[in-house]
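Side chains included, hydrogens not; waters and symmetry mates left out as well; all remaining heavy atoms used. In listed order, ligands and their atoms are each counted from 1.
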Amino acid sequence: MKQLCVLLILCVTALFTACSPGELDFSYRDLPPGDPTRGADLFTQSIDGKASCLQCHAVGTGQSAGPPFQAYAATASQCVKQQSAEEYTFYSILRPSKHIVQGYSNIMPSNYAKKLSRQEIADLIAYLLTL
Ligand code: HEC
């Protein structure tokens with residue numbers, strides 16, 4: 001009985017660690033070089049059968065559930081102290097609830113670290129920084 005309890009606790013702990021959106025085990029520096037053209041394509045495509053980035057983010061002006069990308073590269077570097085535009089974008093995509101853009105709610109999907117490959121993440125960042 002005691003062994004069973006220990007086993008149960010171990011399982012629950014393992015499940016918890018696997019599912020909690022803790023720290024990422026890679027950083028912007030671990031990504032391959034990004035291709036903005038591929039990123040632009042990916043931006044318009046449904047990810048994992050769910051909304052595309054474009055469905056929540058207008059490019060240029062426009063109202064959506066998320067902030068529009070206009071002069072994004074210029075402002076991204078000033079959003080969080082000591083974070084480059086690249087790092088800020090990296091965390092905005094993979095850990096969106098870490099920093100919530102003022103005036104918006106925390107509804108951006110938080111599982112992109114699992115749903116996108118490192119190459120895709122790099123491509124998206126490269127694209128966003130051309131905006
Ligand atoms: C369901 C709607 C939704 C989808 C889909 C979505 N986002 Fe977002 N996104 C938001 C919202 C809302 C915010 C603002 C709140 C926050 O900071 O999390 C945001 C914030 C951001 C930011 C920070 C913007 C800034 O001005 O500082 C970036 C970068 C971003 N999203 C990129 C993406 C990319 C890339 C995708 C596709 C892979 C995507 N988002 C998909 C809703 C969405």
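- In summary, the atoms of ligand 1 found under 4.0 Å from a heavy atom of Ile107, numbered by their order in the structure, are 1 (C), 12 (C).
- Using a 4.0 Å cutoff on heavy atoms, Asn106 does not count as a contact of ligand 1.
- The N/O atoms of His99, backbone and side chain alike, include one that comes under 3.5 Å of an N/O atom in ligand 1.
- In this model, a donor atom of one side chain and an acceptor atom of the other lie less than 3.5 Å apart for Tyr72 and Thr89.
- For ligand 1, the polar-atom distance check finds an N/O of Pro96 within less than 3.5 Å of one of the ligand's N/O atoms.
- Within the 4.5 Å cutoff, no side-chain heavy atoms of Ser64 are placed close to those of His57.
- Below 4.0 Å from some heavy atom of Tyr104 lie the following atoms of ligand 1, by number and element: 14 (C), 15 (C).
- Distance alone, capped at 3.5 Å, places no donor-acceptor pair between the Asp41 side chain and the Arg38 backbone.
- Closest to atom 14 (C) of ligand 1 by heavy atom, among Ser92, Ala76, Gly66, Pro67, is Pro67.
- In the vicinity of Cys53, heavy-atom distances shorter than 4.0 Å reach the ligand 1 atoms 34 (C), 35 (C), 36 (C), 37 (C), 38 (C), 39 (C), 41 (C).
- When non-hydrogen atoms are compared, ligand 1 lies under 4.0 Å from the side chain of Ile93 (C-beta onward) but not from its backbone.
- In this structure the side chain of Phe69 never reaches within 4.5 angstrom of the side chain of Tyr127, judged on heavy atoms.
- A distance-only check finds no donor-acceptor pair linking the side chain of Ser92 to the backbone of Pro96 [under 3.5 Å].
- The part of Ile47 lying near ligand 1 is the side chain, judged by heavy-atom distances below 4.0 Å.
- Short contacts between ligand 1 and Ala65, defined as distances under 4.0 Å to a heavy atom of the residue, involve ligand atoms 12 (C).
- Between the side chain of Gln55 and the main chain of Ser52, a donor-acceptor pair closer than 3.5 Å is present.
- Residue-ligand proximity, Tyr88 to ligand 1, at heavy-atom distances under 4.0 Å covers atoms 23 (C), 25 (C), 27 (O).
- Under the 4.5 Å side-chain criterion, counting only non-hydrogen atoms from C-beta, Ile121 is not in contact with Tyr112.
- Side-chain atoms of Gln70 do not come within 3.5 Å of backbone N or O of Leu131 as any donor-acceptor pair.
- In Ser97, neither the side chain nor the backbone holds a heavy atom less than 4.0 Å from any atom of ligand 1.
- In this structure a side-chain-to-backbone donor-acceptor pair under 3.5 Å is present from Asp123 to Asp35.
- With contacts defined as side-chain heavy-atom distances shorter than 4.5 Å, the pair Lys50/Ile47 does not qualify.
- Under the 30°/60° scheme for interplanar angles, the aromatic rings of Phe26 and Phe90 are found to stand perpendicular.
- For a threshold of 3.5 Å applied to N or O pairs, the pair formed by Tyr112 and ligand 1 contains no separation below that value.
- Atoms of ligand 1 found under 4.0 Å from any heavy atom of Ser105 (numbered from 1 in listed order, with element): 12 (C), 15 (C).
- Contacts between Ser52 and ligand 1 below 4.0 angstrom, taking non-hydrogen atoms only, involve the backbone exclusively.
- Less than 4.0 angstrom separates some heavy atom of Cys56 from each of these atoms of ligand 1: 1 (C), 2 (C), 3 (C), 4 (C), 5 (C), 6 (C), 7 (N), 42 (C), 43 (C).
- Residue contact check for ligand 1: Lys50 places no non-hydrogen atom closer than 4.0 Å to it.
- Residue contacts with ligand 1: Val101 is placed with a nitrogen or oxygen under 3.5 Å of a nitrogen or oxygen of the ligand (distance criterion only).
- Between His99 and Tyr88 the shortest side-chain heavy-atom distance falls below 4.5 Å.
- Within the 4.0 Å heavy-atom shell around ligand 1 one finds His57.
- For atom 42 (C) of ligand 1, the nearest protein heavy atom (residue, atom name, distance) is Met108 CB, 3.6 Å.
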